[in-house]
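Letters A, B, ... mirror the listed sequences (proteins, then strands); counts begin at 1. Predicted, not measured: the structure shown is a model, and the values here were computed from it.
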There are 2 protein chains.
Amino acid sequence: MAQNPDNLLNNRNIKPTAMRELVLKVLTEQTTAISLAELEHKFHKADKVTLFRTLKTFEENKLIHSIDDGTGSVKYALCTESCQCNPDDLHVHFFCTLCHHTFCLNDIPIPSVNLPVHFNLESISMVVKGICSNCKK
Amino acid sequence: MAQNPDNLLNNRNIKPTAMRELVLKVLTEQTTAISLAELEHKFHKADKVTLFRTLKTFEENKLIHSIDDGTGSVKYALCTESCQCNPDDLHVHFFCTLCHHTFCLNDIPIPSVNLPVHFNLESISMVVKGICSNCKK
DNA sequence: AAAGTTCATGCAACCAAGTTGCAAAGTTAC
DNA sequence: GTAACTTTGCAACTTGGTTGCATGAACTTT
Ligand SMILES: [Mn+2]
Ligand SMILES: [Mn+2]
Ligand SMILES: [Zn+2]
Ligand SMILES: [Zn+2]
């Protein structure tokens with residue numbers, strides 16, 4: 001079931017300010033993850049720092065997660081409603097080397113890996129690079 | 001069989017200058033991956049840019065590979081002799097959140113993953129974060 | 001051997017992304 | 001309405017990485 005924006009914010013204990021609602025709206029409209037710089041381009045009035053801090057607040061409260069796709073700029077995407085960003089909640093990300101979009105492959109959990117003895121897992125990230133279905137002809 | 005430094009360089013078609021031999025020596029002495037800044041600290045005389053370009057040359061010729069462990073500074077480690085940095089050659093990396101060292105888990109290949117239809121894989125990276133065996137008591 | 005060519009190195013300056021400090025504006029509590 | 005707290009905006013800074021360019025070393029050609 002779809003949530004209205006204020007519910008999404010309230011559910012994550014984020015005070016719903018005008019700015020935050022606008023940022024959340026942009027985030028829900030994305031089909032791929034978005035960087036701070038890209039987010040900035042979507043606004044003419046808002047300051048980069050405010051957007052930065054908004055994303056930080058969202059991430060701290062697990063409304064969004066960040067993705068380091070190796071391009072040098074961190075991408076952000078909405079978490080699923082039940083996501084707590086535990087290792088179990090994590091999914092694979094895909095970076096298209098043609099269109100430079102970063103996809104959440106929400107249906108593809110990160111495969112488990114056997115670490116050497118006495119190595120302890122806290123979190124894990126998996127980024128696949130290649131050509132996305134839009135760019136593949 | 002261990003190779004002497006010049007052979008390692010020659011095998012990868014890298015002209016063996018004094019600087020490159022020194023950098024290679026440092027790299028072979030590492031048990032964990034090293035950043036440009038860390039490498040710089042190992043020299044009192046060499047310029048950061050020279051070290052940067054040395055690493056770049058090494059990487060382009062697949063003598064070393066770079067690791068984006070999510071810390072914001074890229075790490076570098078020697079490739080195995082046969083490595084061509086193909087998807088098949090890739091291994092899992094481990095970043096210890098206590099000692100902040102980045103390990104090549106050379107024996108742990110990256111598990112294969114089924115991508116959505118029409119997504120095409122070129123390369124893949126997997127970084128596990130947690131506590132390493134040295135830090136685990 | 002001298003001159004030309006290529007490549008490596010060093011210094012300075014630049015760049016992009018992210019981050020901090022602080023004051024002004026807005027919001028909530030009393 | 002005033003005080004306390006939170007959010008926002010501007011400026012300035014930090015870090016890691018990168019480029020431009022001049023000097024210097026090392027091979028190549030004649
Ligand atoms: Mn995602
Ligand atoms: Mn490695
Ligand atoms: Zn694409
Ligand atoms: Zn450790």
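- What separates CE of B:Met19 from C1' of C:dC11 is a distance of 15 Å, to the nearest Å.
- Ranking D:dT8, D:dT6, C:dG18 by closeness to the A:Ser73 side chain, first place goes to C:dG18.
- Mapped onto DNA chain D by nearest heavy atom, B:Lys15 and B:Tyr76 fall at different nucleotides, with B:Tyr76 at the one closer to the 5' end.
- Per the geometry, CZ belonging to B:Arg20 stands 15 Å off C1' belonging to C:dG10, to the nearest Å.
- When the options A:Asp68, A:Thr71, A:Asp69, A:Thr32 are evaluated for a side chain to side chain donor-acceptor pair (under 3.5 Å) with A:Thr102, the one that passes is A:Asp69.
- We find that B:Lys25 and B:Glu21 are not joined by a salt bridge, their nearest charged nitrogen and carboxylate oxygen being 4.0 Å or further apart.
- Here C:dT27 presents its P atom at 18 Å from CD1 of A:Ile14, a figure rounded to the nearest Å.
- For the atom pair NE2 (B:His65) and OH (B:Tyr76), the distance works out to 11.5 Å, reported to the nearest 0.5 Å.
- Applying the 4.0 Å criterion to OP1 and OP2 of C:dG26, one finds that A:Thr17 has every side-chain N and O outside that range.
- For the segment residues 36-63 of chain B, residues with any heavy atom less than 4.0 angstrom from an atom of DNA chain C are, sorted by number, B:Asp47, B:Val49, B:Thr50, B:Arg53.
- The environment of CG in B:Asp107 is sparse: at most 12 heavy-atom neighbours from other residues, nucleotides or ligands sit within 6.0 Å.
- Remark: P of D:dG17 and CD1 of B:Ile34 are 12 Å apart, rounded to the nearest angstrom.
- Between the side chain of B:His93 and the backbone N or O of B:Met126 there is no donor-acceptor pair closer than 3.5 Å.
- Taking 4.5 Å as the limit, some side-chain heavy atom of A:Phe43 sits within range of a side-chain heavy atom of A:Met19.
- One can place CD1 of B:Ile67 at 13 Å from P of D:dG17, the figure rounded to the nearest angstrom.
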